[in-house]
There are 2 protein chains.
Amino acid sequence: MKIAEVSELSGLSIDTLRYYERVGLLPPVHRNDSGIRDFDELDVRRVQFIKCMRQAGIPVDVLTEYMRLALIGDETFEARKNILEEQRDLLAAQIAEMQSTLDLLNYKINFYEERLAAVEKNLSPMEEFDVTTQ
Amino acid sequence: MKIAEVSELSGLSIDTLRYYERVGLLPPVHRNDSGIRDFDELDVRRVQFIKCMRQAGIPVDVLTEYMRLALIGDETFEARKNILEEQRDLLAAQIAEMQSTLDLLNYKINFYEERLAAVEKNLSPMEEFDVTTQ
DNA sequence: GCTTGACCTGGAGCTAACTCCAGGTGCTAT
DNA sequence: ATAGCACCTGGAGTTAGCTCCAGGTCAAGC
């Protein structure tokens with residue numbers, strides 16, 4: 001599979017795919033006689049995995065290290081598991097934080113709605129930058 | 001309240017606070033006769049609000065626009081509400097995506113655990129970059 | 001056999017969001 | 001009165017993660 005197809009399929013730009021290979025996040029992809037990349041099924045699955053992790057904000061260098069270990073073999077299982085656990089914990093914390101910000105946003109939006117309604121009825125104004133509800 | 005205290009209190013660096021004022025995210029803070037910033041209660045609440053939104057990944061320029069509107073007055077209510085709604089929707093989508101990545105991470109960690117156990121019993125290996133469980 | 005389009009490379013450029021620095025001012029305690 | 005510390009400014013530097021570019025190769029269609 002050529003790079004354009006993988007790009008199409010994954011939603012990552014061609015440049016990004018090449019960049020990932022350059023920095024070692026994607027192991028060297030097999031080339032044909034003209035030097036053109038030919039992604040196999042495993043490569044594509046790796047791309048999809050990377051895309052997923054990147055979207056969640058896991059840094060490239062962490063994933064690169066993970067990939068480096070994965071290529072070594074079974075003796076790096078424990079190390080890889082540790083990386084994933086660490087990232088999972090970070091991610092969980094981030095989700096919790098974002099969830100509480102989401103709640104705050106909803107609270108504020110609701111406040112705006114009420115206040116817009118109140119304005120029509122000429123009621124008293126309320127406070128703007130109230131974050132006490134976090 | 002001086003900038004060091006606000007920094008301490010908010011967890012944002014002094015440089016970041018000054019940067020926020022520079023780019024208009026934080027409206028000009030009152031200065032004493034020597035030109036030194038003296039944050040009042042409203043400033044501090046704004047800082048806390050900004051910190052919360054920034055942690056959730058809402059861009060500085062979006063927040064700057066929001067702040068600009070907030071300073072104009074009540075006639076920008078609708079516009080501000082629209083900004084918040086848009087950011088809320090983006091945030092909700094991001095959280096959902098991260099949650100599914102979190103699930104995948106847990107699945108993989110679990111897989112590692114089982115495989116580590118299996119290795120001790122000499123069972124057959126399984127596939128590495130499986131994202132089909134998304 | 002020439003043009004076109006997809007691919008290649010190394011390296012430069014870009015954006016967001018800080019972060020740091022040099023050089024300067026002004027309380028405050030010795 | 002002077003040393004030290006917190007503050008100030010404008011501007012430069014940094015980091016992550018791409019993104020773009022110039023210049024080149026190659027296979028296919030007209």
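The sequence lines fix the lettering, A, B, ..., with proteins before strands; numbering per chain opens at 1.
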| Atom CG of B/L25 to atom C1' of C/dA16: distance rounded to whole Å? | 13 Å
| field | Atom-pair distance (CG on A/L63; P on D/dA16), nearest Å | value | 14 Å
| query | So, the side chain of B/S10 versus the backbone of B/L12: is there a donor-acceptor pair under 3.5 Å, distance only? | reply | yes
| request: Using whole Å, report how far CD of B/Q55 lies from C1' of C/dC18. | output: 15 Å
| Candidates D/dG17, C/dC27, D/dA27 - which lies nearest the side chain of A/Y19 | D/dG17
| message | Check for me whether A/K81 meets the cation-pi criterion with B/F111, that is, NZ or CZ under 6.0 Å from the six-membered ring centre and within 45 degrees of the ring axis. | response | no
| Out of C/dC18, C/dT9, C/dC7, which has the shortest distance to the side chain of B/T16? | C/dC18
| message | Nearest to the A/R31 side chain among D/dC8, C/dC8, C/dC18, which nucleotide is it? | response | C/dC8
| said: In terms of relative ring orientation, are B/F49 and B/Y66 parallel, tilted or perpendicular, with 30° and 60° separating the classes? | reply: tilted
| Selected nucleotide, minimal atom distance to B/V60 side chain, candidates D/dG17, D/dC7, C/dC18 | C/dC18
| said: Without decimals, in angstroms, what is the distance between A/I50 CD1 and D/dC18 P? | reply: 10 Å
| query | Is any N or O donor-acceptor pair between the side chain of B/R22 and the base of D/dG11 shorter than 3.5 Å? | reply | yes
| query | Rounded to whole angstroms, how far apart are CD1 on A/I36 and C1' on D/dA28? | reply | 12 Å
| said: Rounded to whole Å, how long is the line connecting atom CG of A/N32 with atom C1' of D/dA27? | reply: 10 Å
| message | Rounding to an integer number of Å, can you tell me how far A/L17 CG sits from D/dG17 P? | response | 16 Å
| note | Closest to the 5' end of DNA chain C, once B/R54 and B/R18 are matched to their nearest nucleotides, is B/R54
| Which residue lies toward the 5' end of DNA chain C, A/I14 or B/P59, if each is placed at its nearest nucleotide? | A/I14
| cation_pi(B/K51, B/Y20) dist<6.0 Å, angle<=45 | no
| query | Using a cut-off of less than 4.0 Å, is there contact between a side-chain N or O of A/S13 and OP1 or OP2 of D/dT19? | reply | yes
| task | Starting from the 5' end of DNA chain D, give me the residue, A/D61 or B/D38, whose nearest nucleotide shows up first. | result | B/D38
| said: It should be established whether B/S34 places a side-chain nitrogen or oxygen under 4.0 Å from OP1 or OP2 of nucleotide C/dC27. | reply: yes
| task | Quickly work out the A/R37 CZ to D/dC26 P distance and round it to whole Å. | result | 16 Å
| query | Would a 4.5 Å heavy-atom cut-off, applied to side chains only, mark A/L91 and B/T101 as touching? | reply | yes
| request: For B/F39 and for A/D15, locate the closest nucleotide of DNA chain D by heavy-atom distance; then report the residue assigned to the nucleotide nearer the 5' terminus. | output: B/F39
